[in-house]
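Notes follow once the structure below has been shown.
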Amino acid sequence: MPELPEVETVRSGLASLVVGSTVTGVQVFRPSCVRLQQGGEGEFAMRLHGMVLDAVVRRGKFLWIPLAEAEDAGSAHTPAMALSAHLGMSGQFRVFEGDPPEPHSHCRARLHLESPDGPRTVDFLDQRTFGYLVAERMQPTPDGLPGGHGSALPAVPHTVAHIARDALDPAADDGHIVSRIRRGSRGIKQVLLDQTVVSGVGNIYADEALWAARIHPQRPAEAVSTPQARALLAAVRTVMTRALAQGGTSFDALYVNINGESGYFSRELAAYGRAGQPCERCGGLIVREHIGGRSTHWCPRCQRRYGPQASRN
DNA sequence: AGTAGCACCTGATTGC
DNA sequence: TGCAATCAGGTGCTAC
């Protein structure tokens with residue numbers, strides 16, 4: 001599943017292939033992929049047509065492409081609009097140079113571009129259709145700092161305004177994240193998955209970070225100490241940084257891929273998908289349980305529910 | 001306000 | 001063999 005490292009791989013691949021291109025045509029094969037667009041696919045196509053793709057930016061799992069008017073392209077003028085994209089569970093972008101092939105059966109939308117190097121085609125594929133595209137207005141960031149990775153613009157699209165900065169964002173406020181992590185009665189894993197607390201963490205890296213920090217996924221957030229919350233945030237960063245380093249090597253630039261389930265990093269997972277196997281730290285058996293509808297993996301021996309001193313799991 | 005639960009969706013896998 | 005139930009899960013909405 002695409003989490004921050006996978007989405008960043010997509011972002012950098014897309015950026016290298018489409019920035020500076022002009023939209024010359026828009027095809028929507030499945031209208032639900034633009035379900036967030038006010039006015040539907042007609043409005044979507046109209047807002048994109050003739051615009052220049054100025055950058056590819058990411059915050060957490062959210063991607064967007066600031067759209068410049070042709071006469072403003074490359075200038076310091078701040079784009080008012082962006083093409084936003086979320087990959088959901090199974091979204092992919094593929095870029096073709098020259099004549100594109102027939103659209104894949106999972107292709108939900110296709111953008112035709114004109115670049116200085118000739119025509120380009122961008123396909124948005126999404127088997128499970130949880131992903132979406134939307135052409136929408138940008139708004140300033142409250143702190144005046146860059147909205148995400150890939151652009152210095154202090155702006156984010158409307159659908160991203162409520163999403164917290166991600167764990168790898170240089171502008172992330174650790175003190176604020178730690179205090180929000182420790183708030184409330186929810187299980188700590190639920191809090192990690194809450195994109196308004198810290199963004200970019202999905203089901204796989206949540207389990208990995210909790211394992212690394214030795215915290216039970218169901219420990220109430222308010223029972224997590226400040227040092228533990230700091231360690232957990234550090235673990236989130238470590239696991240996503242390592243995954244990103246691997247993801248970066250497993251993709252071909254022309255086949256802009258996401259491949260959460262079979263990337264090289266899957267071999268390094270310590271908890272996720274390892275139910276019944278020994279914990280590599282203590283030898284206890286990793287367990288799997290459905291928590292809040294999500295499969296959750298942990299070591300009951302070294303991840304204690306109520307803290308290091310508790311005798312009960 | 002904070003939290004829980006469900007809808008959304010399709011293809012692969014499992015069970016009978 | 002064939003069909004139906006189950007599973008995967010990120011986000012956003014609704015209900016409590």
Side-chain angles (χ1 to χ4, degrees), chain A residues 1-11 28-38 40 58-64 84-93 103-109 123-134 136 148 156-167 179-210 217-224 236 240 243 258-263 266 269 271-276 288-297:
Chain A
M1 309 312 142
E3 301 181 32
L4 186 153
E6 292 76 27
V7 179
E8 173 56 21
T9 303
V10 171
R11 186 205 66 77
V28 175
F29 303 114
R30 187 187 172 103
S32 71
C33 81
V34 293
R35 59 191 174 276
L36 298 183
Q37 186 75 56
Q38 303 272 340
R58 179 192 56 74
R59 173 182 287 199
K61 308 168 197 172
F62 291 72
L63 283 173
W64 67 91
S84 296
H86 197 289
L87 301 176
M89 301 257 313
S90 55
Q92 300 184 2
F93 281 106
H104 188 275
S105 62
H106 296 154
C107 184
R108 308 312 184 194
D123 281 356
F124 177 63
L125 285 68
D126 189 14
Q127 180 205 103
R128 293 183 192 172
T129 75
F130 283 1
Y132 61 81
L133 302 175
V134 58
E136 59 175 345
V156 294
H158 178 71
T159 57
V160 184
H162 68 293
I163 299 301
R165 290 187 179 280
D166 65 61
S179 75
R180 288 228 35 203
I181 281 178
R182 301 183 56 229
R183 198 153 84 200
S185 59
R186 289 185 292 175
I188 186 67
K189 180 175 177 180
Q190 290 301 324
V191 176
L192 271 189
L193 293 176
D194 184 340
Q195 306 296 300
T196 71
V197 173
V198 61
S199 68
V201 184
N203 198 46
I204 296 172
Y205 297 128
D207 283 1
E208 291 302 303
L210 286 164
Q218 288 181 295
R219 187 182 299 179
E222 56 208 358
V224 174
V236 164
M240 292 202 302
I258 58 109
N259 204 356
E261 73 279 8
S262 63
S266 61
L269 296 176
Y272 188 88
R274 297 193 71 244
R288 182 186 120 155
E289 213 173 287
H290 275 78
I291 298 173
R294 301 285 176 267
S295 71
T296 299
H297 312 70

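In the text below, chain A, chain B and the rest are named by the order of the sequence lines, each starting its count at 1.
Rounded to an integer number of Å, the gap from CZ of Arg180(A) to P of dA1(B) is 13 Å. Note: OH (Tyr132(A)) to P (dG12(C)) measures 5 Å, nearest angstrom. When rounded to the nearest whole Å, the span between CG of Leu4(A) and P of dT11(C) equals 11 Å. In this structure, CG of Asp194(A) is placed 16 Å from P of dA1(B), rounded to the nearest angstrom.
Of the candidate nucleotides dG12(C), dG9(C), dG11(B), dG12(C) has the atom lying nearest to any side-chain atom of Phe62(A). For Arg108(A), whose side chain is taken as the heavy atoms from C-beta onward, the closest listed nucleotide among dT10(B), dG9(C), dG10(C) is dT10(B). Nearest to the side chain of Gln127(A), among dG10(C), dT10(B), dG12(C), sits dT10(B). In the set dT3(B), dG10(C), dG9(C), the nucleotide with an atom closest to the side chain of Tyr272(A) is dG9(C).
In this structure, Phe130(A) does not count as stacked on the base of dT11(C) under the 5.5 Å centre distance and 30° plane angle limits.
Within the 4.0 angstrom heavy-atom criterion, no nucleotide atom of any strand lies near Tyr205(A). As judged by a 4.0 angstrom heavy-atom cut-off over every strand, Ser295(A) is placed among residues touching the sugar-phosphate backbone only. Counting any heavy atom pair closer than 4.0 Å across all strands shown, Arg186(A) reaches sugar-phosphate atoms only and no base atom. Using a 4.0 Å heavy-atom cutoff across all strands shown, Arg288(A) reaches sugar-phosphate atoms only and no base atom. Gln190(A) comes within 4.0 angstrom of no nucleic acid atom, judged by non-hydrogen atoms across all strands.
Taking 3.5 Å as the limit, the base of dT11(C) and the side chain of Arg294(A) contain a donor-acceptor pair of atoms between them.
Using a 4.0 Å cut-off between charged nitrogen and carboxylate oxygen, Lys61(A) and Asp166(A) do not count as a salt-bridge pair.
OP1 and OP2 of dT11(C) both lie 4.0 Å or more from every side-chain N or O belonging to His162(A). Residue His86(A) places at least one side-chain N or O closer than 4.0 Å to OP1 or OP2 of dT11(C). For dG9(C), neither phosphate oxygen OP1 nor OP2 lies less than 4.0 angstrom from any side-chain nitrogen or oxygen of His290(A). Dashed line: the shortest gap from a side-chain N or O of Ser90(A) to OP1 or OP2 of dA8(C) is not under 4.0 Å. Note on Arg30(A): a side-chain N or O is less than 4.0 Å away from OP1 or OP2 of dT10(B).
For the side chain to side chain contact (heavy atoms under 4.5 Å, CB included) test, residues two or more places apart in sequence or in another chain that qualify with Thr196(A) are His162(A), Arg180(A), Asp194(A).
In His104(A), the NE2 atom is crowded: over 12 heavy atoms of neighbouring residues, nucleotides or ligands sit closer than 6.0 Å.
Taking 4.5 Å as the limit, some side-chain heavy atom of Tyr132(A) sits within range of a side-chain heavy atom of Thr159(A).
Under the 30°/60° scheme for interplanar angles, the aromatic rings of Phe124(A) and Phe93(A) are found to be tilted.
Each of Arg128(A) and Ile163(A) has a nearest nucleotide on DNA chain C; the 5'-most of these lies closest to Arg128(A).
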